[in-house]
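Residue numbers begin at 1 in each chain, while the letters A, B, ... track the order of the sequences. Please read all numbers here as calculations on a predicted model, not as lab measurements.
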Number of protein chains: 2
Amino acid sequence: MDALETRELRYFVAVAEELHFGRAAERLGMAQPPLSRAIQQLERRLGVSLLERNRRGVSLTGAGEVLLHEGRAALDATTAAARRTRRAGGADSPGGPRNRLVLAVKAAGSHELLQKLLDAYAAEHDAAEIEVLLCGICEQEGLLRDGRADVALMHTPFNSLAGFDSEELLTEGQIAILPAGHPLAARKTLSLADVSDVPDLPLARWPRYGTYAPGPGPEIHDQTQLAQLIALGRTVAVVPDSARAWLWAEHTAVPLTDAPPVVTHIAWPAHSRSLALARLVRTATCL
Amino acid sequence: MDALETRELRYFVAVAEELHFGRAAERLGMAQPPLSRAIQQLERRLGVSLLERNRRGVSLTGAGEVLLHEGRAALDATTAAARRTRRAGGADSPGGPRNRLVLAVKAAGSHELLQKLLDAYAAEHDAAEIEVLLCGICEQEGLLRDGRADVALMHTPFNSLAGFDSEELLTEGQIAILPAGHPLAARKTLSLADVSDVPDLPLARWPRYGTYAPGPGPEIHDQTQLAQLIALGRTVAVVPDSARAWLWAEHTAVPLTDAPPVVTHIAWPAHSRSLALARLVRTATCL
DNA sequence: TCCTGTCATACCCGGTAGGTATCACCGGGG
DNA sequence: CCCCGGTGATACCTACCGGGTATGACAGGA
């Protein structure tokens with residue numbers, strides 16, 4: 001039983017995502033016929049049919065769905081291996097593994113916590129160099145998985161901690177951010193039901209585990225966009241308390257009574273064995 | 001930047017484990033020169049030196065250590081993808097993903113819990129078929145990681161749950177198992193200090209995260225061997241309470257007052273999306 | 001009916017993975 | 001001191017196969 005080659009996985013994932021051999025081939029920078037053949041070989045080698053070739057386009061079989069999921073995970077692990085090895089090698093000469101960590105943080109996250117963490121860690125005895133990688137709303141998971149980051153600050157219930165090790169750092173309540181002029185902005189407190197049901201102010205939606213939940217509200221990609229939309233009176237958002245730091249004059253924050261608390265974790269790949277990482281985690285939990 | 005190929009990872013892991021090109025090549029079923037060349041190409045492509053070629057044999061650089069770890073993880077993910085896809089495909093014709101789960105259980109584990117779980121699940125409306133895969137003392141993690149199993153019963157603090165999702169099922173205390181004739185066997189209770197310090201009865205050692213801690217006691221591979229060694233008066237073991245089920249007449253069990261409790265979890269790969277698995281987990285937690 | 005868009009097939013070429021033979025190097029023993 | 005055994009590296013060749021181009025088969029729509 002021969003193992004899958006990275007190339008085959010890359011090809012299959014491309015086809016499975018595009019559901020179209022021509023487009024997938026273009027994305028891969030190759031011609032369509034060799035791609036067709038490669039997928040056929042893959043199916044033959046696995047002894048399993050992965051794609052349903054319909055008269056118009058392609059669709060995934062059950063096994064195809066499985067390979068799409070597992071293949072993505074395997075590809076991420078492979079590119080992570082390459083990236084982390086390259087980084088470890090850069091400073092091989094000083095002896096011992098490279099003293100440098102990439103920390104992924106949501107750009108809109110609490111500046112206060114991050115600053116405290118960096119300061120406390122920098123004060124440690126021969127601390128590693130920390131490279132802060134600011135990312136979008138929900139990108140930390142991917143960054144950790146494919147090795148672009150070594151450690152991340154994540155926020156449940158927005159991020160999923162599945163597959164990572166983590167430690168709890170901070171718990172905070174949530175607030176609603178409304179356009180300053182809106183009637184609800186005058187209230188002392190609000191409930192989730194209050195803000196979910198406003199006809200003229202649909203609730204903003206963010207990616208959760210990579211996809212957007214259906215709903216009438218706008219899809220949020222970054223914090224600036226959200227702030228603008230609220231200021232324009234187009235939406236209302238439910239966000240952690242620390243978001244008060246970036247409110248505009250056109251915004252009003254109202255505490256929510258029944259929103260689930262947001263917990264900030266420090267998270268890292270489960271199999272990590274780096275000493276520098278362990279020290280950073282210890283610093284973080286002792287803040 | 002081109003991705004690592006599975007083949008290259010396989011080659012490197014073999015060399016890194018053997019620390020010897022000739023033996024590694026033999027293990028891979030190929031000649032030594034192409035292997036040397038492949039590793040050189042890999043180093044050039046990564047722009048990193050992975051192996052220190054000494055006058056006699058080879059040793060790993062820092063980057064090499066990283067690639068060994070990460071590469072193993074990536075290879076596991078890749079073979080898991082192949083295995084799970086093959087299994088999913090076997091019953092593709094009936095439509096929908098294959099209704100079959102492989103459950104890894106330590107052979108020496110509690111029969112009672114397992115039986116209850118299987119019965120309860122079998123009673124469910126159109127339950128999946130469960131294949132029970134009995135394994136050695138600490139093999140569940142590897143089985144889950146490389147796709148030979150879909151779900152496992154694991155026991156903290158013996159197994160590591162790192163990288164898996166899990167739910168707690170059962171907590172139990174620990175007991176010491178002694179040769180029936182030993183003086184300590186007459187005691188009503190014991191402490192960890194009592195059983196750690198017996199000169200003529202060194203404490204048995206099991207693999208923890210794959211390796212054995214150093215110590216005078218015998219290394220335990222399976223439960224039968226342990227039972228025999230205790231009966232022969234060669235060792236004493238600290239085990240979960242449910243191990244009383246397999247005691248011999250030559251054994252005596254004494255409760256421990258200060259041993260950490262053993263928690264049985266049901267665990268599965270973090271990215272799993274199978275419906276059958278979710279149902280099994282729900283059944284297990286509702287036992 | 002033909003045209004269009006899809007994936008599969010036929011065929012060719014070049015790069016490269018792998019094999020064999022050999023070298024370069026070092027340590028140890030007669 | 002020199003040669004031998006064992007290490008990894010180099011040289012060179014071959015054959016396979018990954019990829020390209022051209023074309024086919026097939027179904028839907030005007």
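A straight line from CZ of Arg45(B) to P of dG15(C) spans 17 Å, rounded to a whole angstrom. Look at CD on Glu43(A): it is 12 Å from C1' on dC7(C), rounded to the nearest Å. Between the CD atom of Gln32(A) and the P atom of dA8(C) there is a distance of 7 Å, rounded to whole Å. Counting to the nearest Å, the C1' atom of dG20(D) and the CG atom of Leu28(A) are 15 Å from each other.
Take the nearest nucleotide of DNA chain D for Gln40(B) and for Arg23(B): the residue whose nucleotide is more 5' is Arg23(B). A residue-by-residue look at His20(B) and Pro34(B) shows that His20(B) has its nearest nucleotide of DNA chain D further toward the 5' end.
In the helix from dT1(C)-dA30(D) to dG30(C)-dC1(D), the terminal helix axes, each the rotation mapping four pairs' C1' atoms onto the next four within five end pairs, subtend 0°, rounded to 10°.
With values rounded to the nearest 0.5 angstrom, Lys106(B) atom NZ is found 7.5 Å from Asn159(B) atom CG.
Closest to the side chain of Arg7(A), out of dT21(D), dG18(D), dT10(D), is dG18(D). Considering only side-chain atoms of Ala31(A), the nucleotide from dT10(D), dG19(D), dT21(D) that sits closest is dT21(D).
Nucleic acid contact for Gln41(A): sugar-phosphate only, since backbone atoms but no base atoms lie under 4.0 Å from a heavy atom of the residue. Using a 4.0 Å heavy-atom criterion, one finds that Arg37(B) contacts the bases of the nucleic acid, with or without backbone contacts as well.
In Glu26(A), the CD atom is not crowded: 12 or fewer heavy atoms of neighbouring residues, nucleotides or ligands sit closer than 6.0 Å. Sparse packing is recorded around CZ of Arg234(B), with 12 or fewer heavy atoms of other residues, nucleotides or ligands lying under 6.0 Å away. For Gln223(B), the CD atom counts as densely surrounded, since its 6.0 Å shell holds more than 12 non-hydrogen atoms of other residues, nucleotides or ligands.
Panel note: side chain Arg72(B), backbone Leu67(B); no donor-acceptor pair is recorded below 3.5 Å. Remark: side-chain polar atoms of Arg45(B) are paired, donor with acceptor, to backbone N or O of Ala3(B) under 3.5 angstrom. Here the side chain of Glu43(A) pairs a donor or acceptor atom with the backbone of Leu50(A) at under 3.5 angstrom.
Proximity of Ser36(B) to the phosphate of dA9(D): a side-chain N or O atom is located under 4.0 Å from OP1 or OP2.
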